[in-house]
Amino acid sequence: MPAFILTYRKAAGYTRTPQTLAAWQAWFGGIGGQLTDTGKPVVAHTVLGTCDPNRTEPGGYSVIQADDLEAATAIAKGCPHLERGGGVEVGELGEVPSSTPAGG
């Protein structure tokens with residue numbers, strides 16, 4: 001089954017509360033066995049490329065398994081950040097190609 005990364009974008013100024021923590025725990029509990037890595041929250045960040053740091057900032061990531069991008073997107077629609085002005089990006093993970101040794 002393919003793996004997908006969910007990259008969270010929290011609303012600027014977001015503060016974790018007991019209620020938001022409960023929402024995350026409930027969402028992760030609902031994902032069940034499809035959640036392969038809960039990830040870690042982002043505690044410091046910088047921006048590269050075109051992002052809108054006036055509205056969102058990095059919030060963290062998780063890795064899930066799903067049948068396809070549509071199924072992973074359906075799971076991501078429950079992300080608590082979506083109800084609080086944030087977002088989530090969904091990306092299918094591929095394998096890193098092995099490199100051939102020089103001269104080989």
- Message: Taking Arg9 first and then Glu57, would you say they form a salt bridge - that is, a charged N and a carboxylate O separated by under 4.0 Å?
- Response: no

- Task: Please report the closest heavy-atom contact between Thr20 and Arg84, naming both atoms and the distance.
- Result: CG2-NE, 3.3 Å

- Of all heavy-atom pairs linking Leu82 and Ala76, the shortest is CD1-O, 3.5 Å

- Query: Would you find a donor on one side and an acceptor on the other, under 3.5 Å apart, between the side chain of Gln34 and the backbone of Gln65?
  - Reply: yes

- Query: Quick check, are the ring centers of Trp27 and His81 under 6.0 angstrom apart?
  - Reply: no

- Item | Least distance between heavy atoms, Ala66 atom then Ala72 atom | CB-N, 3.6 Å

- Distance (rounded to the nearest 0.5 Å) between Thr7 OG1 and Tyr61 OH: 10.0 Å

- With rounding to the nearest 0.5 Å, note down the distance linking CG in Leu21 to OG1 in Thr17. 8.0 Å

- Side chain of Thr73, backbone of Leu69: donor and acceptor closer than 3.5 Å? yes

- Query: Can you get from Ile31 to Val88 by hopping between Ile, Leu, Val, Met, Phe, Trp and Tyr side chains that sit under 4.5 Å apart?
  - Reply: yes

- Query: When rounded to the nearest 0.5 angstrom, what distance separates CD1 in Ile64 from OG1 in Thr38?
  - Reply: 13.0 Å

- Gap between atom CD1 of Ile5 and atom CD of Glu92 - 0.5 Å precision: 12.5 Å

- Message: Do Tyr14 and Tyr8 sit in one hydrophobic cluster, given that two such residues count as connected whenever their side-chain heavy atoms are within less than 4.5 Å of each other, even indirectly?
- Response: yes

- Task: Starting from the C-alpha separation in whole Å, work towards a yes-or-no answer on side-chain contact (heavy atoms from CB on, under 4.5 Å) for Leu6 and Glu89.
- Result: CA-CA 6 Å; Leu6 306 180; Glu89 296 173 304; over 6 Å; no

- Item | From OG (Ser62) to CH2 (Trp24), nearest 0.5 Å | 6.5 Å

- Atom CD in Glu70, atom CD1 in Ile75: separation rounded to 0.5 Å? 11.5 Å

